[in-house]
Amino acid sequence: MNLLLLIIIRHVFLVGLAILHCSSDTTENVTEEVSSATTLFPFEEVFYYMDPMAPRDYVWDKTIQSPEDFMTGFGLDTCGNKAWTRSWLTTCYNLGPFPCDCYDNCKLYGSCCYDKYESPEGLTQAWPETTGCLEDKTYAMVRCPQSWGDGDVREACETGQGKYTMEEPVTDLSTNVTFRNAFCAQCHDVKSYTAWELEVTCKHFQDVYTARSEEEFLDLASANVSECSIKRVPPAEVQPIGCPSDIWFSVVDTCNVTGRWATEDYDADVEKNCLLYKSLSLRMNHEMTYQNLFCAVCNGIKPYTYGCFEDDNLEHREIWIHPPLSLLLGLRDRDMGSGDGHRLVTCFDGQWADLTVST
C-alpha cells in the first residue's frame, strides 16, 4: 500500500507541474517554479524510487559490507524464509539461489541453508567428498572416507551395482542418513540400517505372472525391461532428502571462465572470495551455476534486483515426492499343490488362478 501511495503522489506531482506550466504568464516564472520543485524532489530520483519494477544494481561496497553479507544479502534461501506469505510486491533477483534445506542432517550432506551454520567458517566448506546424488535424485553417502582402508569395500561402495537395480540404498534410521548400498554404510561404520524396498511396474504382466516366488518374479521382470521397470523406494519410516537438478553440480569456481570480466573491472578481493567460499548454499545460477556471487561477478555477471509479484507459499527448492507403493511387492514362496489346504486350480487360456480359494 505504501508503494501504491507513492506512485499516486508521483502522478499528482507531475500533474501539478503541468498545471503550473499552463497557468504561468512567463517562461521565467515556470523555470523558477520547476527548478524549486525539483530541488526539493528531484524528478529522476523520484522516478527511480517510485517505479517498483525498475532494476537496481547490486554492488559490493567492501568499505562497509563483509563478503558474507554481500553474498547472503542477495536473495539466498534461508531456514527463515522457507514458506513465504502473499506480498503485493517483493524483491526478485537476476540470479537464482541454490535450493538448500534445513533438515537436522543437512550438514552431513552439505546441503544446509547458510543460516543453519553457527559461524561464517561453514560457508567456506566444500561439498563433502563422500556425498552425492542417487539415480532417483536423493542425497546419500556414495563414497567411503579417505581414512577407510579396505579397498574391496570401497570399490563395492563406489562402483558396485545391485542385482536388479544399479543402486541398493540403505538408511540409518537413527540419523536418517542414506547410503548408496550396504558397503557404503559399512565404511561409514554404520552397522544398523534399513534396506529400501523394490517396486516393480509393468505395462502388462503376461511375462511375469507365472512366478512362484519373489526372486523368480524379479528375475522375470528384469528380463523384460521393455515391459517392466524395477526401482528402489524408501520404507515409510525413511525421509529421504531430495537432490536438486544436475545444473547445481557443474559449477564455475574460478574467475573469467567466460571471458566476460573486463580488465578494468579486475578486483583481487573479488577473485579471492570467489575461490574461498565453497558452500553449496552460496551457489547461484544464471545460465551457468557459479560457486558464489563473487564467481558470478568475476565472470561478467552484473547482479541486480527488481520488483516482482509472488504467489502464495513459494518454496525455492525441489520437493521430493514419495513414489507410490507397488501392489506386487511381498510375494512369498507358495506351494501350488493341494497339500496346504488349497485345491489345485486348472485354468483355460486367458484365465488366472485365484490361489486364495480354499477347498
Can you check whether [Y]'s main-chain N or O pairs, donor with acceptor, with [X]'s side chain at less than 3.5 Å?
{"X": "Asn181", "Y": "Ala156", "answer": "yes"}
{"X": "Asp115", "Y": "Cys79", "answer": "yes"}
{"X": "Arg232", "Y": "Pro169", "answer": "no"}
{"X": "Asp253", "Y": "Gln291", "answer": "no"}
{"X": "Arg283", "Y": "Pro97", "answer": "no"}
{"X": "Asp150", "Y": "Val153", "answer": "yes"}
{"X": "Asp267", "Y": "Glu271", "answer": "no"}
{"X": "Arg154", "Y": "Pro145", "answer": "yes"}

Atom of [X], atom of [Y] and distance for their closest heavy-atom approach:
{"X": "Pro244", "Y": "Phe98", "value": "CG-CE1, 3.7 Å"}
{"X": "Leu123", "Y": "Glu68", "value": "CD1-CG, 4.0 Å"}
{"X": "Cys295", "Y": "Val252", "value": "CB-O, 3.9 Å"}
{"X": "Asn299", "Y": "Thr254", "value": "ND2-O, 3.0 Å"}
{"X": "Lys302", "Y": "Asn94", "value": "O-ND2, 3.2 Å"}
{"X": "Phe183", "Y": "Cys157", "value": "CB-N, 3.8 Å"}

Which word best sums up how the rings of [X] and [Y] line up, parallel for under 30°, tilted for 30 to 60°, or perpendicular for over 60°?
{"X": "Tyr266", "Y": "Trp261", "answer": "tilted"}
{"X": "Phe294", "Y": "Tyr277", "answer": "parallel"}
{"X": "Trp127", "Y": "Tyr139", "answer": "perpendicular"}

Between [atom1] of [X] and [atom2] of [Y], what distance do you get to the nearest 0.5 Å?
{"X": "Asp269", "Y": "Lys62", "atom1": "CG", "atom2": "NZ", "answer": "3.5 Å"}
{"X": "Glu135", "Y": "Arg180", "atom1": "CD", "atom2": "CZ", "answer": "9.0 Å"}
{"X": "Asn273", "Y": "Asn292", "atom1": "CG", "atom2": "CG", "answer": "7.5 Å"}
{"X": "Thr171", "Y": "Gln239", "atom1": "OG1", "atom2": "CD", "answer": "10.5 Å"}
{"X": "Tyr114", "Y": "Thr78", "atom1": "OH", "atom2": "OG1", "answer": "5.5 Å"}
{"X": "Ile301", "Y": "Thr258", "atom1": "CD1", "atom2": "OG1", "answer": "7.0 Å"}

Inspect the contact between Asp246 and Lys137 and indicate whether a charged nitrogen and a carboxylate oxygen are less than 4.0 angstrom apart.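 Yes, Lys137 and Asp246 are salt-bridged.
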Does a salt bridge link Lys231 with Asp136, judged by any charged N lying under 4.0 Å from a carboxylate O? no
Joint cluster assignment, [X] & [Y], ILVMFWY side-chain distance < 4.5 Å:
{"X": "Val59", "Y": "Leu76", "answer": "no"}
{"X": "Tyr109", "Y": "Phe249", "answer": "yes"}
{"X": "Ile241", "Y": "Val177", "answer": "yes"}
{"X": "Val251", "Y": "Ile247", "answer": "no"}
{"X": "Val142", "Y": "Trp248", "answer": "no"}

Can you check side chain to side chain contact (heavy atoms under 4.5 Å, CB included) on Met284 and Thr289, steps first, answer last? CA-CA 6 Å; Met284 306 293 290; Thr289 297; over 6 Å; no
Within-4.5 Å side-chain heavy-atom neighbours: [X] and [Y]:
{"X": "Asn105", "Y": "Thr175", "value": "no"}
{"X": "Val200", "Y": "Phe217", "value": "yes"}
{"X": "Asn176", "Y": "Val238", "value": "yes"}
{"X": "Pro99", "Y": "Asp77", "value": "no"}

Out of Phe74, Tyr306, Tyr304, which residue meets the ring pair (Phe, Tyr, Trp, His ring centres under 6.0 Å) rule with Tyr58? Phe74
Would Lys107 and Gln125 count as a side chain to side chain contact (heavy atoms under 4.5 Å, CB included) if you check the C-alpha gap in whole Å, the side-chain angles of each, and the deciding distance to 0.1 Å? CA-CA 10 Å; Lys107 292 179 183 178; Gln125 296 175 2; over 6 Å; no
Would you say the SG of [X] sits under 2.5 Å from the SG of [Y]?
{"X": "Cys144", "Y": "Cys184", "value": "no"}
{"X": "Cys133", "Y": "Cys243", "value": "yes"}
{"X": "Cys113", "Y": "Cys106", "value": "no"}

Check the pair Met166 / Leu134 against side chain to side chain contact (heavy atoms under 4.5 Å, CB included), numbers first and verdict last. CA-CA 10 Å; Met166 182 173 295; Leu134 301 181; over 6 Å; no
Determine whether more than 12 heavy atoms belonging to other residues, nucleotides or ligands lie under 6.0 Å from atom [atom1] of [X].
{"X": "Glu216", "atom1": "CD", "result": "yes"}
{"X": "Lys116", "atom1": "NZ", "result": "yes"}
{"X": "Lys272", "atom1": "NZ", "result": "no"}
{"X": "Gln146", "atom1": "CD", "result": "no"}
{"X": "Asp61", "atom1": "CG", "result": "yes"}

Judged by modelled atom types alone, do Asp101 and Ser111 share a side-chain donor-acceptor pair under 3.5 Å?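 The answer is yes; a qualifying pair exists.
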